[in-house]
Amino acid sequence: MFRQFSSAVCLSCALFPAGGTMSLCAQNRLDSLQRLDEVVVTAKALSKEVIPVQQLAGAQLQRLGAHSVADAIRYFSGVQIKDYGGVGGLKTVNIRSMGTNHVGVFYDGIELGNAQNGTVDLGRFSLDNMEAVTLYNGQKSALLQPAKDFASAGSIYLQSRTPRFAAGERQHVKSTFKTGSFGVVNPSIVWDRRLNERISSSVSAEYMYTTGRYKFTYRVEDSYDTTAVRRNGDVNAVRLEGGLFGSIKGGYWRAKAYLYRSERGYPGAVVKNKFSHEDRQWDTNVFAQGSFRKEFSPRYSLLINAKYAYDYLHYLADPRRDEALMYVNNRYYQHETYVSVANQYALLPVWDVSFSADYQFNLLDADLTDFVYPRRHTQLLAVATALRFPSVKMHASLLGTLVQDHVRSEAQGADNRAEWTPTVVVSYRPFSALDLNLRAFYKRIFRMPTLNDLYYTFIGNVDLEPEYTNQYNLGLTYAKEWGDRWLRRLEVQADVYYNEVENKIVAMPTSNFFRWTMVNLGKVEIRGIDLALQTAWQWGKNWYLTGRVNYTYQKAQDFTDPTDAYYGGQIPYIPWHSGSAVLNLNWREWEMNYSFIYTGERYSSRANIPVNYVLPWYTSDFSVSRTQHWGKGDLKLTLEVNNLFNQQYEVIICYPMPGTNFKAIVQYAF
């Protein structure tokens, strides 16, 4: 019954996108103006962040055997991906066990919203046009950012490609074709063009088709096992994006339009020997957004963001095609308008302050009986400050969130909300000659119940309280580089954390089992450790090896009801141990990549009993590629083997995942 929810610095300017390069220009205060040629500096600065951060960028991101952003995020520590059945299934992300609704997903600096159910399906975002994927626990440590960026317990930033041109270049074209198991047909093209010295454009298009059919093993304890074929997992989708990028004195502007349309089947759960499902979903997601940033003086900077988004979802469950289904034929229409103004001012060379104000309007319509047609107005105000000393950096912010819901006149709406939540961050470098940084942060945040939670027919509950989280984190980063050894670079991150989630919103049955409602019931405490290690090696002039290892330990316990027999049990689908490893070897034109993911034992229910026990699983992916200069550009051929050892596993119980599968990729860029 819940499937329909699933739509589911002049030196004063550091004006460069996340994951990109930084342009430095200098002005000499002599009798005449002297202009220096542009210098491009590329550096890894993530280890200097005062907030725990992980990133996959550039070639490292493209080498992963990943179909989408959701697949790539699995290689971060502290993350759980819920995957409901392979290529066509819904994919959502959970950071440090606080819940999907506490994760903010930002695309080119502006949040992707879904007021209906609060989740973003990461499966619809391709890596083909992605420059970097970055995960922050808490929030970014930047001051000049929208108030929205302060408003999540964890954040994922998706940075699409920004056009870059060498002297004399006017355009770049990259075309890619992927095919392989499950009938995959996946062509794409990216065209970047320099319109003049200050403006460039980028257009990308992608088509994705897959049958979603793959074999899996179905076992019944003390009975039998059989091999079946996953059905109704087909996807037929198209993505179109266009962007304009402009530079101005002391700043930049950018504008983007995005369209995604898809038709897909829901593979469904495999239960009671039922292997086939027939429910389907159609999606249309459109948005247009823009950003303007300018440094008006060495002391004052301004950032303006604006966005309009439209989302359409059509869900069909037809008992004429599948007699096990209850007839549902629903359509949902979402409109979102968003605008943000952020200001930063330097009071002293070591002391900055900022103020951000955001406004967001959400409208949800549906063809449901007794629907209340909710409209939500949200205002966010954030004040922040940062102090920087040679050994110590301190950040603090206070976020105010004001929410007003309006429904049709004869219906009852939720009460207005006004909440103020703080964040405090400290970073300390004890030794100037050693790149060792200690860090700590505390953050309190809340999330409003979604429009489904409050107003969905027969299920919503307008008396729901918001969920609150408290986050405590202690960590360190260490980095070391050598210029004359095989081991060229070593970077270590380690964090210990404790999180609380209060007023957890859950679905509970009423007196009629077929009618559920949303209630505040839960209290969850999460204790964990995140470890990350990155290395870079070089032998001679032609051999290069990079490695990345992540490990997470989490104890996420449900302390809702002390009288409950399962009080203190591990919450569903949170493993005690998980981790990943990636190795990449380069030799001349050849490149080999091996990636490994492990998820330990866990339970499918808050009742930690044998019947709910879920086995650990792991996958190994391997790829080999060769790049050859051909004509005016470079031709790259890649062969991937995913799930190399044919592991039969389920991320969500009763949703079997693919076994060994293959993918061939041809890419030409000039």
Side-chain angles (χ1 to χ4, degrees), residues 51-52 54 73-83 92-103 135-138 152-154 439-445 447 467-476 492-506 520-533 549-581 597-618 649-653:
I51 285 285
Q54 302 172 73
I73 291 174
R74 297 183 304 168
Y75 294 95
F76 291 145
S77 58
V79 169
Q80 300 85 41
I81 296 291
K82 287 189 175 181
D83 190 324
T92 60
V93 63
N94 177 12
I95 299 176
R96 290 184 172 180
S97 303
M98 289 178 290
T100 299
N101 294 105
H102 288 284
V103 180
L135 182 148
Y136 290 89
N137 291 291
S152 300
R439 62 194 180 195
F441 80 82
Y442 162 76
K443 180 170 185 174
R444 179 171 174 83
I445 203 68
R447 74 103 172 168
E467 285 186 0
Y468 293 87
T469 67
N470 291 300
Q471 300 169 259
Y472 305 84
N473 188 100
L474 291 173
L476 64 85
V492 179
Q493 293 193 59
D495 288 277
V496 179
Y497 54 88
Y498 170 73
N499 301 329
E500 296 175 330
V501 181
E502 306 166 6
N503 290 337
K504 189 72 174 175
I505 298 172
V506 297
N520 291 113
L521 187 62
K523 179 182 179 182
V524 174
E525 296 182 8
I526 304 113
R527 297 164 178 83
I529 300 171
D530 285 348
L531 302 174
L533 171 68
V549 178
N550 293 297
Y551 167 77
T552 296
Y553 169 79
Q554 285 192 87
K555 189 173 184 180
Q557 297 172 278
D558 184 351
F559 290 112
T560 298
D561 182 2
T563 64
D564 195 306
Y566 306 115
Y567 179 78
Q570 188 86 343
I571 65 176
Y573 291 108
I574 304 301
W576 281 269
H577 304 277
S578 60
S580 65
I597 293 176
Y598 171 80
T599 296
E601 59 183 3
R602 59 215 189 281
Y603 289 91
S604 62
S605 168
R606 54 188 295 272
N608 293 181
I609 56 179
V611 70
N612 296 323
Y613 177 79
V614 182
L615 289 169
W617 62 267
Y618 64 88
Y649 69 102
E650 298 171 346
V651 178
I652 301 297
I653 193 169

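Numbers here are sequence positions counted from 1. Just so it is clear, the values below take in all heavy atoms, side chains as well, and ignore hydrogens, waters and symmetry mates.
- Although no hydrogens or angles enter the test, the distance criterion places no donor-acceptor pair under 3.5 Å between the side chain of Ser580 and the main chain of Ile597.
- Between Arg96 and Asp530 there is a salt bridge, since a side-chain N of the basic residue sits under 4.0 Å from a carboxylate O of the acidic one.
- Of the candidates Arg527, His102, Gln554, Ser97 forms a side-chain contact (heavy atoms from CB on, under 4.5 Å) with just one, namely Gln554.
- Side-chain atoms of Gln471 come within 3.5 Å of backbone N or O of Ala153 as a donor-acceptor pair.
- Considering every non-hydrogen atom in both Leu474 and Ala440, the closest pair reads CD2-CB, 3.5 Å.
- For the atom pair Trp617 CH2 and Tyr649 OH, the distance stands at 5.0 Å (nearest 0.5 Å).
- Under the salt bridge (charged side-chain N to carboxylate O under 4.0 Å, His left out) criterion, Glu650 pairs with no residue, sequence neighbours left out.
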Residue pair Val93, Thr100: steps toward the side chain to side chain contact (heavy atoms under 4.5 Å, CB included) verdict: CA-CA 6 Å; Val93 63; Thr100 299; 5.6 Å; no
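- Across all non-hydrogen atoms, the minimal contact from Glu601 to Pro616 is N-CG, 3.7 Å.
- Separation of atoms CD (Gln557) and CD1 (Ile571) is listed at 10.0 Å; rounding is to 0.5 Å.
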Trace of the side chain to side chain contact (heavy atoms under 4.5 Å, CB included) decision for Val501 with Glu467: CA-CA 7 Å; Val501 181; Glu467 285 186 0; 4.3 Å; yes
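- A side-chain hydrogen bond (donor to acceptor under 3.5 Å, both in side chains) check over residues 565-579, counting only residues at least two apart or in different chains, returns the pairs Tyr551-His577.
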Tyr468 and Asn503: CA distance, side-chain angles, deciding distance, side chain to side chain contact (heavy atoms under 4.5 Å, CB included) verdict: CA-CA 7 Å; Tyr468 293 87; Asn503 290 337; 3.9 Å; yes
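- Side-chain contact check for Ile95 versus Leu135: some heavy-atom pair is nearer than 4.5 Å.
- Here Tyr472 contributes atom OH and Tyr442 contributes atom OH; the two are 5.0 Å apart, rounded to the nearest 0.5 Å.
- Of the possible polar contacts, one joining the Gln54 side chain to the Ser77 backbone as a donor-acceptor pair under 3.5 Å is found.
- We find that Glu502 and Lys504 are not joined by a salt bridge, their nearest charged nitrogen and carboxylate oxygen being 4.0 Å or further apart.
- Taking the charged nitrogens against the carboxylate oxygens, Asp558 and Lys523 have no contact shorter than 4.0 Å, which rules out a salt bridge.
- With sequence neighbours excluded, the residues that form a salt bridge (charged side-chain N to carboxylate O under 4.0 Å, His left out) with Asp564 are Arg606.
- Between Ile445 and Ser152 the shortest heavy-atom distance is CG1-N, 4.2 Å.
- Side chain of Asn470 to backbone of Asn499: no donor-acceptor contact under 3.5 angstrom is found.
- If you take CG on Asn550 and CG on Leu531, they are separated by 9.0 Å, rounding to the nearest 0.5 Å.
- Across Ser605 and Asn612, no two heavy atoms sit closer than the pair CB-ND2, 3.5 Å.
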Trace of the side chain to side chain contact (heavy atoms under 4.5 Å, CB included) decision for Met98 with Arg447: CA-CA 11 Å; Met98 289 178 290; Arg447 74 103 172 168; over 6 Å; no
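- Taking every heavy atom of both residues into account, Ile529 and Tyr497 meet most closely at N-CE2, 3.8 Å.
- What you find for Ile653 and Ser604 is that their closest heavy atoms are CG2-CB, 4.0 Å.
- To the nearest 0.5 Å, atoms CD1 (Ile526) and CD1 (Ile574) are separated by 8.0 Å.
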